[in-house]
Undergrad: 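Sharing a structure here in structure tokens format.
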Amino acid sequence: MVHNVKLGKNMRSVSIVGIGATPFFNGVQNETYKGLTNGELFGHAALDAMKDARVEPRDVQYFFHGSANPHVLNNCITPNLQVADWFGMRGKGSLSHSEGCCTGYIALEEAVFAVASGAYDVVLTGCSEQGTGMPDGNTPDHMRVPLTSEVLFPDLDSIFDRAYGRYLGGGPGMNHDDWINYYAKENGLTPEQIDDVLAHQAYHFRRAAELCPRAIRRTPFDQMAKEAGYDDVWEYMRSSHNPKMTQYLRTASDSCVADGAAACIVVPTEIAHKFTDKPIEVLAVGASVLDAIVPHLEKKATAEAARQVFEATGLTADDMDLVMVNDFIGSSAFLAAEEIGYLPKGEGWKYVLDGRIAYDGDKPMNTNGGRTSYGHAFGASGMADVFEAVTQMRGEAGERQVKKLPKYTFLRGFGGAQNVRAIILKSNF
């Protein structure tokens, strides 16, 4: 049984009543979307969320704007000031925030606590990111050039303690392989077995993305294999067409950088039915932050954040019907699902091989395709997961709708090589 859940002492319950999102795309190469600005992207998602909640801009009392790296990617440090006119919010209170790839999950947390505290009744929160490019510094900022690793990696180092910690430029492969290497040794799996597991996970997430019109990578691996001259898709997945980037991870298990935006509207649960027939309550948010100097930080922080939300709600992982995991490191998906108890310890890899984590399996995960196929727009990715979770819980996912309408969904956000959030959503209809 679920307790009479509160987000905190003397706080009121909060529900999501509106969602909106753009497609994820490559804004440097895609002629349809080329030239869009941060404000236009965020505004599109924000107006969609307002329309979904049946509210007007004048009804929204406050908004949050999230972006992983607005300084490098949009040449600004307070993007909330630059987007408000795009969705009718000039003069309204707002806040910009940046927490790496965990930004989208924290965007929901920020809005939820703003309403739970009683400060506001109608709050918009969203994230936009233009991860494929950057302003060239000499022309208007909507004229963008490709983002290169020469620019990105030195800047990413600034999120690490470079005096005493493990900095990103010192070994991105080490960071990416840390958890999966630990798991392989702990469970006696060979590199060949891990390779097979990650190939199957990428394959099934791509099956979901194929059915998701907002995903950036939608071509199924079976088709790609045939076009490359392979009759066996698994042979293709092990070939040079899917090369290894680290000891374990191939390109199919790496995030696809994208541009995009997503947003949602939150209100007190007690008035949620005034806005929608299908409100989604935010039951609890758990948080854990560990610096990169801590060995296996993602595993440890995931366990701690999950402990918090399960303790707060009285629920267990067995109650969860759907799990969304920020898997910009591909192996994080099934590893995080094991860590929270959604998949049995040491057995999750078998669930992947059997296709049980697919959208049409009995333990569905990342039903939009995850970061490897839906795309990774850095700070916006977490809010895109919120969008997908609500879509599935409403039963509005179309061909990729999971077999059992989710009553409870668990979201695990991770970013900045340090931030982890765990969120449990409940359908209240």
Side-chain angles (χ1 to χ4, degrees), residues 175-208 234 237 246-250 252-255 286 288 296-307 309-310 315-374 385 389 392 402-404 406 408-414 420-424:
N175 288 322
H176 279 58
D177 282 342
D178 175 79
W179 196 354
I180 189 62
N181 189 52
Y182 179 89
Y183 182 87
K185 292 182 177 180
E186 187 178 40
N187 294 285
L189 299 180
T190 65
E192 291 74 22
Q193 285 177 301
I194 292 297
D195 198 23
D196 200 25
V197 170
L198 296 181
H200 277 73
Q201 180 178 265
Y203 177 87
H204 288 296
F205 287 172
R206 182 63 60 86
R207 290 179 56 232
W234 305 116
M237 297 295 275
T246 69
Q247 179 182 357
Y248 292 103
L249 299 182
R250 296 181 183 269
S253 293
D254 187 42
S255 59
S288 180
H296 317 309
L297 69 96
E298 185 184 357
K299 171 183 169 66
K300 294 174 181 177
T302 296
E304 171 56 20
R307 182 198 65 77
V309 290
F310 289 139
L315 296 167
T316 71
D318 291 337
D319 296 307
M320 301 300 111
D321 302 306
L322 173 64
V323 167
M324 302 295 295
V325 172
N326 189 13
D327 59 336
F328 66 91
I329 301 172
S331 52
S332 293
F334 87 91
L335 293 176
E338 269 201 32
E339 197 63 36
I340 69 173
Y342 184 66
L343 302 178
K345 279 290 184 118
E347 302 290 322
W349 63 278
K350 298 178 183 177
Y351 281 63
V352 175
L353 291 177
D354 291 339
R356 297 176 67 178
I357 56 121
Y359 74 91
D360 53 357
D362 64 324
K363 287 288 185 177
M365 295 177 55
N366 289 7
T367 51
N368 58 4
R371 305 288 74 84
T372 58
S373 288
Y374 186 88
D385 280 355
Q392 287 283 351
V402 297
K403 293 179 178 178
K404 177 186 176 184
Y408 299 104
T409 294
F410 189 108
L411 295 101
R412 197 291 316 239
F414 171 60
V420 167
R421 291 297 185 275
I423 301 170
I424 295 179

Undergrad: Decide side-chain contact (heavy atoms from CB on, under 4.5 Å) for Arg250 and Asp195; before the verdict, give the C-alpha distance in whole Å, the side-chain angles of both, and the deciding distance to 0.1 Å.
TA: CA-CA 8 Å; Arg250 296 181 183 269; Asp195 198 23; 2.8 Å; yes
Undergrad: Donor-acceptor pair, Lys403 side chain versus Asp360 backbone, under 3.5 Å?
TA: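 Pair found, side chain donor or acceptor close to backbone of Asp360.
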Undergrad: Centroid-to-centroid, Phe334 to Tyr183, below 6.0 Å?
TA: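 Close enough - the centres of the two rings lie under 6.0 Å apart.
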Undergrad: Ring centroids only, cut at 6.0 angstrom: are Tyr351 and Tyr342 within range, meaning strictly under it?
TA: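 No, too far apart.
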Undergrad: Could you tell me whether Asp385 and Arg412 have a side-chain N and a carboxylate O separated by less than 4.0 Å?
TA: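 Salt bridge flag = no for Arg412 with Asp385.
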Undergrad: Please work out which of the three classes, parallel, tilted or perpendicular, describes the rings of Trp234 and Tyr203, given edges at 30° and 60°.
TA: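 Correct class here is tilted.
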Undergrad: Atom CD in Gln247, atom CG in Asn181: separation rounded to 0.5 Å?
TA: 5.0 Å
Undergrad: Between Leu189 and Gln193, what is the shortest heavy-atom contact and its length?
TA: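 That would be CA-OE1, 3.3 Å.
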Undergrad: Rounded at 0.5 Å granularity, tell me how far CG in Leu315 sits from OH in Tyr408.
TA: 5.0 Å
Undergrad: I'd like to check Leu353 versus Val197 (side-chain heavy atoms, cut-off strictly below 4.5 Å). Are they in contact?
TA: yes
Undergrad: Identify the heavy atoms of Glu338 and Gly348 that sit nearest to each other, and give their distance.
TA: OE2-N, 2.7 Å
Undergrad: Test side-chain contact (heavy atoms from CB on, under 4.5 Å) on Ser331 and Leu198 and set out the steps.
TA: CA-CA 7 Å; Ser331 52; Leu198 296 181; 3.8 Å; yes
Undergrad: Apply side-chain contact (heavy atoms from CB on, under 4.5 Å) to Leu343 and Arg356, showing your working.
TA: CA-CA 10 Å; Leu343 302 178; Arg356 297 176 67 178; over 6 Å; no
Undergrad: What heavy-atom pair brings Ala317 and Ile340 nearest, and what distance separates the two atoms?
TA: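 In terms of heavy atoms, the two residues are closest at CB-O, 3.2 Å.
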Undergrad: Taking the side chain as C-beta and beyond, is there a heavy-atom pair between Ile424 and Phe310 under 4.5 Å?
TA: yes
Undergrad: Starting at NZ of Lys350, measure out to NE2 of His200 and round the result to the nearest 0.5 Å.
TA: 15.0 Å
Undergrad: Taking atom CG of Leu322 and atom CG of Asn366, what is their separation to the nearest 0.5 Å?
TA: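 Output value for this atom pair is 8.5 Å.
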Undergrad: Drop me the distance from Gln201's CD to Asp196's CG, to the nearest 0.5 angstrom.
TA: 12.0 Å
Undergrad: Using the rule side-chain contact (heavy atoms from CB on, under 4.5 Å), only one of Val402, Ile357, Val323 pairs with Thr367; which is it?
TA: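 The single option meeting the side-chain contact (heavy atoms from CB on, under 4.5 Å) with Thr367 is Val402.
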Undergrad: Give the C-alpha distance, both sets of side-chain angles, the deciding distance and a yes or no for side-chain contact (heavy atoms from CB on, under 4.5 Å) between Phe414 and Thr302.
TA: CA-CA 8 Å; Phe414 171 60; Thr302 296; 5.9 Å; no
Undergrad: Can you name the nearest heavy-atom pair linking His204 to Gly355, along with the distance?
TA: NE2-CA, 3.5 Å
Undergrad: Minimum heavy-atom separation for Ala202 and Met237, please, with both atom names.
TA: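 Heavy atoms only, the tightest pair is CB-CE, 4.2 Å.
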Undergrad: How close do Phe205 and Met365 get, counting heavy atoms only, and between which atoms?
TA: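 Residues Phe205 and Met365, closest heavy atoms: CE2-O, 3.6 Å.
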Undergrad: Quick one, Val325 and Arg371 - any side-chain contact, counting heavy atoms below 4.5 Å?
TA: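 Side chain of Val325 against side chain of Arg371, heavy atoms only: no contact under 4.5 Å found.
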Undergrad: Can you tell me how far apart CG (Asp254) and CZ (Phe328) are? Round to the nearest 0.5 Å.
TA: 10.0 Å
Undergrad: Can you tell me if Asp327 uses its side chain to pair, donor with acceptor, with the backbone of Ile329 under 3.5 Å?
TA: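 It does not hold such a pair.
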Undergrad: Just checking, is any N or O donor in the side chain of Gln392 or Thr409 under 3.5 Å from an acceptor N or O on the other one?
TA: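 No, because no side-chain N or O of Gln392 sits under 3.5 Å from a partner of the opposite role on Thr409.
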